[in-house]
Each structure stands twice: as structure tokens, then as C-alpha cells.
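Take a look at the structure set out below.
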There are 2 protein chains.
Amino acid sequence: MPQPEGSDRRERALPSFYKQVYVGITIYDIAEEAGVSIATVSRVFNDNPRVSEGTRAIVQEVAERLGYQPHVSARSLARRQTETISAIVPMLSNYFYAEVLKGLQDRMSASSFDLLVYSAPTLDEIEGQVEKALHRGRSAGVMLFSAPIKGDLERQLQHSDTPVVLVDCYHPGFDSISTDNRLGGEIAAEYLLAAGIREPAVLMANPHSVPASHRMQGFRGALERKGVHLAEDHLVVSSDGYHDGFNEQAGYDGMMTLLEAGIRPDGIFATSDVQAIGAMDALRNAHHSVPEDVQIIGFDDLPIARYLGLTTLRQPMHEMGGRAFDLLMERMAHPESTVAHTVFAPSLVDRHTTRSATLA
Amino acid sequence: MPQPEGSDRRERALPSFYKQVYVGITIYDIAEEAGVSIATVSRVFNDNPRVSEGTRAIVQEVAERLGYQPHVSARSLARRQTETISAIVPMLSNYFYAEVLKGLQDRMSASSFDLLVYSAPTLDEIEGQVEKALHRGRSAGVMLFSAPIKGDLERQLQHSDTPVVLVDCYHPGFDSISTDNRLGGEIAAEYLLAAGIREPAVLMANPHSVPASHRMQGFRGALERKGVHLAEDHLVVSSDGYHDGFNEQAGYDGMMTLLEAGIRPDGIFATSDVQAIGAMDALRNAHHSVPEDVQIIGFDDLPIARYLGLTTLRQPMHEMGGRAFDLLMERMAHPESTVAHTVFAPSLVDRHTTRSATLA
DNA sequence: GCGTCCACTGTAAGCGCTTACACCAATGAT
DNA sequence: ATCATTGGTGTAAGCGCTTACAGTGGACGC
């Protein structure tokens with residue numbers, strides 16, 4: 001049945017093959033109702049000063065009454081701009097990432113940006129996810145977590161003109177934000193040495209993880225500067241399970257490896273809190289007491305570390321997220337400005353898995 | 001200087017006020033290069049069978065060579081469809097949410113959907129975030145976590161025609177996925193009773209949290225059915241800090257409240273693992289031993305619970321996320337089908353903070 | 001009374017895509 | 001030879017918005 005002419009444009013039949021269709025109030029509806037042109041409606045929503053107060057008020061009233069919302073895709077298309085940023089993280093359920101993301105979100109909430117989250121649990125998934133995030137029109141900026149920037153990935157990033165901020169990793173060509181992992185290792189070594197340990201051991205995550213190896217290197221370096229050697233068999237590496245060995249089981253297994261080899265270190269540096277927690281469980285099962293028999297120090301300062309009395313190196317995760325967002329905004333505003341690297345110093349949180357250095 | 005006519009359309013000058021501009025290969029470029037029309041190019045990318053094999057191959061080759069990617073906004077606009085789904089979670093850094101989201105992502109990765117994450121740490125932020133997620137053209141579906149669906153929020157959701165799936169909460173009008181929290185409480189009570197406790201106590205999160213109060217109700221109900229009364233002063237409620245008292249500090253403080261009041265329960269049910277961990281710390285500081293003096297049982301089964309020996313009720317978080325995605329897809333495919341509620345039964349994970357019931 | 005300027009508003013083109021519809025061989029049936 | 005039919009392709013309209021550019025009418029100066 002033919003529609004009477006001049007019928008509301010929203011009443012047009014839509015192709016039936018659409019599963020999900022979003023119709024809604026458009027600027028045409030507002031314009032008609034308010035008796036102005038669509039250009040004027042658009043200007044009102046873009047805070048263009050070239051609209052009279054009266055007209056602005058009418059348009060706003062009508063839009064409010066009709067519940068108008070600008071269509072995001074149409075807006076992006078016309079503006080050649082999106083208001084979403086993408087984060088590519090290895091593992092959402094890892095507290096570090098979740099908390100950095102939280103810091104990011106908290107800072108973002110003041111802006112009108114939205115956050116798209118991609119997951120890349122293994123190294124070879126990164127490129128694919130980066131490609132998605134960099135897909136034309138998708139995101140105004142990309143935040144890439146803990147990824148080694150080299151080879152194809154490096155090229156991919158360099159050839160894109162979407163701003164990128166690196167979190168927990170480094171490349172001279174991109175803005176980045178990270179913790180001084182070497183320094184963290186050094187602090188741990190010095191602290192443990194001051195607390196009187198003689199036989200250090202390291203429980204390390206996958207060595208291809210840059211943070212893990214930097215932490216270990218810092219630790220070993222500081223040890224050596226004090227004349228203490230980290231024996232090869234006292235460095236146990238695990239890349240087990242999820243997320244490169246940054247998990248409890250890896251810590252547990254690593255500790256068991258040490259114990260079963262008859263190695264009895266009196267000071268342990270774990271490259272993450274979760275590894276430390278796993279190790280403590282292994283120690284408990286083997287009836288070794290902490291910190292009496294062996295002192296242990298983690299890395300991250302998870303909220304739970306406090307309730308477990310774990311001495312650790314704190315990373316300001318929430319702050320890192322906020323700062324990452326700032327960097328991205330900065331880069332978007334000034335694409336040509338020089339690359340900025342923000343490095344946070346980890347701070348030692350002294351609790352009960354170590355003997356206070358002052359008592360040593 | 002005037003451009004020679006017929007210049008590549010991508011060379012047009014763009015308005016200078018754009019901070020970030022995305023230019024790129026469009027179907028026009030592909031069409032020109034391949035010597036076909038844009039319709040044909042579009043058909044190739046939409047797997048339309050009405051394209052000859054030869055043409056298809058040419059278009060694909062050209063697109064590949066030029067690195068063509070369809071523009072997401074343009075596609076959404078033309079198709080009146082998005083391929084992003086939005087999740088609104090109270091707190092990303094809460095393991096439960098992070099893990100459910102992970103499950104969701106893992107299931108999504110097979111599809112071409114993207115995940116937008118909104119954060120609503122307090123109840124009054126929910127509406128605003130839901131409004132953003134429901135914004136016209138933004139998402140194909142919304143996943144709402146742990147939100148009490150009533151009042152304005154209820155109306156908001158009902159008037160939207162975007163599919164919605166509720167996670168960790170319930171409303172008869174929407175698909176939902178949750179854990180049987182009452183049952184969890186009952187299991188905890190029965191287990192503790194069988195393990196010989198006489199004087200139960202509950203460490204409960206904010207009572208306006210539906211999961212928290214259901215867990216407590218289940219616990220209390222089962223107790224009463226066995227003739228054991230949960231004394232009023234043995235139920236300590238905390239809504240402290242972030243996320244409604246589902247945190248370590250709340251558990252710690254709750255336990256301290258009990259201890260300072262001279263109350264010495266021999267069995268404690270905490271409405272979450274993190275609360276149980278806080279409580280165990282308080283107990284340790286007060287030199288009460290677990291499970292000898294007091295048995296304790298948590299809820300969630302965080303990965304860490306295993307390494308702490310915490311007896312708890314396990315929620316299948318990862319699976320819940322995957323299932324939530326399935327529900328959403330189902331709803332998108334069949335908008336009129338009847339509402340589905342998936343309820344998972346929590347399962348008891350028996351560890352060392354309780355005495356095995358068989359020994360009681 | 002006329003031109004100038006200014007504040008405001010409208011027209012229309014275009015963002016990059018999808019798809020209805022028209023069209024045009026080539027094919028086969030009659 | 002004629003007419004549908006069919007497979008492949010192109011044309012053009014439209015998705016909902018932004019914005020350059022072109023008015024329009026009133027205030028003001030002369």
C-alpha cells in the first residue's frame with residue numbers, strides 16, 4: 001500500500017534482512033519539529049557560536065523532548081574522527097592490566113572517549129589484534145601493553161598514523177609509560193642483602209618478557225656490585241601456564257624445582273607478587289618458614305599483598321593508566337611533538353616476608 | 001595551485017581544523033584500479049554470490065595490494081548495524097569481572113565483534129554508562145553486570161531495542177546469567193555445620209548488593225533449617241571502600257569488629273574470597289588459628305584461593321562470560337524469543353581453612 | 001536612501017559504504 | 001527469429017551527520 005507522500009521519513013520500510021536495526025530520532029526530525037534546517041541543529045550540537053540564543057534553546061528543547069542522540073557512526077564518518085580508543089592487553093584477568101585499565105578509565109571518564117579492549121594472550125596474537133585496533137576508522141588512539149616492538153609489529157605501528165602509547169614496554173619511536181624494572185630489581189637485591197641474606201635465588205617469569213628479564217637483571221647486577229653471585233641454578237625460569245609465567249603456579253613450581261634440587265636459598269626475589277604467593281605456598285608445604293628460614297620479595301604490590309604481609313616493589317598501576325591516557329591525548333593534539341617516555345620508579349613496600357633491614 | 005582535473009580523490013585538501021584525520025584506501029580506489037564499479041567491490045567484501053569468479057579475484061588482489069580495509073563507521077552507517085558490544089562493569093580490577101570479561105572475549109574472538117568496556121563503580125553511575133552504551137549506533141548489544149534493575153534503569157533498558165544480557169543480576173524481562181547465590185550460602189552452611197561448627201558468623205558485603213544478600217540469606221536459611229540461629233551481632237555488614245565491601249579491607253574490618261566485640265565464632269562465611277582473606281589476616285594478627293580455632297569459607301574461588309588453601313564456593317566465571325556472549329548472540333538473532341535465564345550452581349572447593357567434613 | 005557589515009540560517013556536497021533497481025549480454029526455449 | 005531468463009555489473013540513492021558557501025534581513029553609517 002503506497003504511503004501518503006510527505007510521510008515521516010523514519011517510516012520507510014527497512015530491508016527485511018537486517019537482523020538488528022537501529023532507527024532513531026535524527027537531526028531531520030529535530031529540524032522539522034523545531035522549524036529550522038539540519039545545519040542549524042548540527043551547529044547546536046557542535047557548540048557552534050553562530051546560532052542565536054533563541055534558536056539554540058528551541059532546538060535543545062525539541063531534542064530533549066524527542067530524546068535525540070547523535071548517531072556515533074554518522075558523526076565519525078562525517079568528522080573523520082572517532083571517539084574511541086583501543087587497548088590491547090595480554091590478559092584482562094591479570095590484576096596489573098585490570099588496574100592500569102581502571103586508571104585509564106577513571107581518567108577517561110571526564111572525556112567523551114570510549115574504551116575498546118582487545119586481548120592478546122600470546123605474542124603471536126598481538127599483530128592481529130593491533131591490526132583490528134588500527135583498522136581504518138576504528139580508534140583515535142591505541143594503547144599497547146607489554147608487547148615487544150620489533151619486526152612486523154614495529155612496521156605495522158610505524159606505518160599507521162594512529163597515535164600509539166606503549167604501556168609496560170618500550171620503543172624509542174613511541175610514547176611509552178613503564179616502571180623502572182631494573183631499578184626494582186636493584187632495590188630488591190639491596191634490601192635483601194641489607195636484611196642479611198647470603199644465598200639469593202630468583203623466581204623469574206618467561207625471559208622473553210622484557211619486564212621479567214629487566215627485573216632479574218637489575219637484581220643480579222646489584223648483587224654482583226656487592227660481591228654476591230647469583231648462581232645459575234638459583235635462577236629458575238618459568239614460562240608455564242598463562243601469561244608468561246606471571247602466575248601463582250609458576251611460582252609454586254619454581255620453588256619446588258629449587259627445593260627438589262636441594263637448594264635452600266635464604267632470600268628470594270620473585271618477578272611478580274603472584275609468583276611469590278605460589279612460592280610461599282610451596283615453602284609452607286615444605287615446612288620452611290618465612291621470613292625466618294627464607295625471606296621473599298615480590299613485585300607489583302597487589303592489594304592482596306598487604307593482607308599476606310608480602311614485601312614487594314610497588315608499581316603505581318592506577319596512575320600509570322591515567323598517565324597513559326594523558327600521553328595519548330597529548331600525542332593526538334600534537335602529532336609531531338617529540339616522543340615522551342614516562343618511567344615510574346617502583347617503591348619498596350616493607351612487610352613481613354622479609355626481616356626489616358634495620359634489624360639485620 | 002589548482003589541481004589538474006581528474007586527480008585522485010584522496011588528494012583533496014581536508015579541512016585544516018581536523019586534529020586527527022584518517023584517510024585511506026576506499027572502495028573507489030579499488031574500483032578504479034580494478035576497473036569495476038564500487039558496487040562490485042562492495043559485493044566482493046560482502047560475499048555476495050552475484051560476482052563472477054574472475055572479477056572477485058581481481059578485486060581481492062587489488063584490495064590486498066593496496067591494503068584496503070573497510071571503514072568501520074561507514075559500514076555501520078550503511079548497514080545500520082554495529083559489530084561492537086558493550087559491557088558495563090562495576091570494577092575492572094575486581095577479579096570476578098575481569099575473568100568473566102575474559103571468558104566473554106575468548107568466545108568473542110571467533111566472531112568479528114569488538115568489546116567496549118564501561119565502568120560504573122557506584123550505583124548512580126550505572127544509568128549514565130548504560131545510556132552511553134545504548135547510545136544510538138554504538139553497540140549491537142549490551143552486557144550489564146551486577147546492577148539492580150529497577151526504577152529509571154529498568155525503564156531505560158525496556159525502552160531500548162538493543163539486546164541486553166544481565167550478568168550477576170536478575171530481572172524477569174531480560175536474559176540473564178548468574179550464580180545461584182542462595183544455594184552457595186546453603187552449601188557453605190551445611191558444610192560448616194557438618195564440620196562441627198556451633199557458632200557461625202557472616203562477613204557480608206553491602207546488603208544492597210543482591211549477590212551478597214542472597215548468599216547471606218541462603219546461609220542463614222540453611223542454618224535455621226538445621227536449628228542453628230545466626231545471631232544478629234554475628235552478622236557483620238560492610239559497605240566500605242570500593243565495590244560495596246567486596247574487598248580485603250572490608251573483611252579485615254568486619255573480623256576486627258567481631259573480635260573487638262568479644263565474639264568468637266568458630267565458623268565464618270565470607271561473601272567473597274577477598275573478604276575471607278582480609279578476615280584471615282585479622283585472625284592471624286589476633287593469634288587465632290585457622291581452621292583450628294575458626295573455620296572460614298569464602299566465595300568465588302579466585303586463583304589465589306588455591307595457594308592460600310581457602311575453602312570456597314566456586315563460580316565458573318570464565319564460562320559465565322562465554323555463555324553471556326552466546327545469550328546475546330541468541331537474542332540478536334531472535335529478538336522475540338522468550339527470555340532465558342542461565343543459573344550456575346556454585347560448587348564447593350574444599351581446602352584447608354575448614355576441617356574436612358568427613359573428619360568432623 | 002543606499003551600501004556595508006554582521007549575525008544568523010539554509011542549501012548542498014560529501015564522509016565511505018550498502019543495496020534496490022536498472023541494464024545488458026548471452027543463453028536457451030519456442 | 002523472438003522472447004523470457006539468467007548471471008553479472010553499474011547507477012544512484014541513501015545511511016545521519018558536518019560544514020563550506022551562499023544567502024537573507026536588519027542595523028548602522030553616511
Side-chain angles (χ1 to χ4, degrees), chain A residues 9-10 12-18 20-32 34-59 63 66 68-83 135-138, chain B residues 9-10 12-18 20-32 34-59 63 66 68-83 135-138:
Chain A
R9 70 196 279 281
R10 289 173 49 228
R12 271 166 318 190
L14 280 158
S16 60
F17 37 75
Y18 286 122
Q20 182 242 342
V21 162
Y22 43 76
V23 289
I25 307 294
T26 71
I27 50 171
Y28 288 88
D29 301 311
I30 307 293
E32 195 179 335
V36 297
S37 75
I38 58 160
T40 298
V41 176
S42 177
R43 286 191 193 101
V44 169
F45 286 99
N46 287 288
D47 289 323
N48 187 315
R50 298 163 68 80
V51 180
S52 73
E53 273 317 303
T55 313
R56 181 179 301 273
I58 293 169
V59 169
L66 267 46
Y68 169 73
Q69 296 179 313
H71 185 115
V72 284
S73 297
R75 188 171 254 201
S76 298
L77 186 58
R79 288 191 183 162
R80 302 154 181 82
Q81 229 180 151
T82 355
E83 294 214 290
H135 195 111
R136 206 155 52 95
R138 180 106 57 199
Chain B
R9 69 195 280 280
R10 287 172 50 228
R12 270 168 318 191
L14 279 158
S16 62
F17 38 74
Y18 286 120
Q20 182 243 342
V21 162
Y22 42 77
V23 288
I25 308 294
T26 70
I27 49 171
Y28 288 87
D29 302 311
I30 307 291
E32 196 179 335
V36 297
S37 74
I38 58 161
T40 299
V41 177
S42 177
R43 285 192 194 99
V44 169
F45 286 99
N46 287 287
D47 288 321
N48 188 316
R50 298 164 67 79
V51 181
S52 73
E53 275 317 305
T55 313
R56 182 180 301 273
I58 293 169
V59 169
L66 268 46
Y68 170 73
Q69 296 179 311
H71 185 115
V72 283
S73 297
R75 187 171 254 201
S76 297
L77 186 58
R79 288 191 181 162
R80 302 154 182 83
Q81 230 181 152
T82 355
E83 293 214 290
H135 196 114
R136 206 154 51 94
R138 179 105 58 200

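Quantities reported herein were computed from a predicted structural model and do not represent experimental measurements. The sequence lines fix the lettering, A, B, ..., with proteins before strands; numbering per chain opens at 1.
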### Message
Less than 4.0 angstrom between a side-chain N/O of A/Tyr28 and OP1 or OP2 of D/dT18, yes or no?
### Response
no
#### Entry: Distance in angstrom units between A/Arg79 CZ and D/dT19 P, rounded
7 Å
### Rounded distance (Å) that lies between atom P of C/dC17 and atom CD of B/Glu83
15 Å
### Query
Sequence neighbours excluded, which residues qualify as side chain to side chain donor-acceptor pair (under 3.5 Å) partners of B/Asn48?
none
### Query
Under 3.5 Å, is there a donor-acceptor pair linking the side chains of A/Ser52 and A/Thr55?
yes
### Short side-chain N/O contact to C/dT18 OP1/OP2 from B/Arg75, under 4.0 Å
yes
### Task
Please give the angle, rounded to 10 degrees, between the axes at the start and the end of the helix from C/dG1-D/dC30 to C/dT30-D/dA1, where five pairs define each axis.
60°
#### Entry: First of B/Ala74 and B/Ala39 reached from the 5' end of DNA chain C, by closest nucleotide
B/Ala74
### Message
Nearest whole Å is fine: how far is D/dC15 P from B/Arg138 CZ?
### Response
21 Å
#### Entry: B/Ile38, nearest nucleotide to its side chain (from D/dC17, C/dG16, C/dT18)
C/dT18
### Message
Whole angstroms only, please: what is the NE2-P distance between B/His71 and C/dT18?
### Response
12 Å
Might you list the N or O atoms of the protein lying below 3.5 Å from N or O atoms in nucleotides 6-9 of chain D, with each pair's distance?
from	atom 1	to	atom 2	distance (Å)
D/dG8	N7	B/Arg50	NH2	3.4
D/dG8	O6	B/Arg50	NH2	3.4
D/dT9	OP1	B/Ser52	OG	3.3
D/dT9	OP1	B/Thr55	OG1	2.4
D/dT9	OP2	B/Ser52	N	2.9
D/dT9	OP2	B/Ser52	OG	3.3
D/dT9	OP2	B/Thr55	OG1	3.1

### Task
Would you mind reporting whether B/Leu77 and A/His71 have side-chain heavy atoms less than 4.5 Å apart?
yes
### Query
Side-chain contact, heavy-atom cut-off 4.5 Å: A/Ile38 with A/Ser42?
no
### Task
State, yes or no, whether a side-chain contact exists between A/Val36 and A/Ile58 at a heavy-atom distance under 4.5 Å.
no
### Distance (rounded to the nearest 0.5 Å) between B/Ile25 CD1 and B/Ile30 CD1
6.5 Å
### Integer-rounded Å distance: C/dC17 P and B/Asn46 CG
11 Å
### Task
Indicate, with a heavy-atom threshold strictly under 4.0 Å, whether B/Asn48 touches base, sugar-phosphate, or nothing.
nothing
### Query
Side chains of B/His135 and A/Pro70: does their closest heavy-atom pair fall under 4.5 Å?
yes
### Task
In whole angstrom, give the distance that lies between atom CG of A/Asp29 and atom P of D/dC15.
11 Å
### Task
Using atom CZ of B/Arg80 as one end and atom C1' of C/dT18 as the other, report the distance to the nearest whole Å.
8 Å
### Task
Report yes if some heavy atom in the side chain of A/Arg75 is under 4.5 Å from a heavy atom in the side chain of A/Thr82; otherwise report no.
no
### Message
Can you measure A/His135 atom NE2 to C/dC17 atom P for me and round it to whole angstrom units?
### Response
9 Å
### Query
Do B/Phe45 and B/Gln69 have side chains that get closer than 4.5 Å, going by heavy atoms?
no
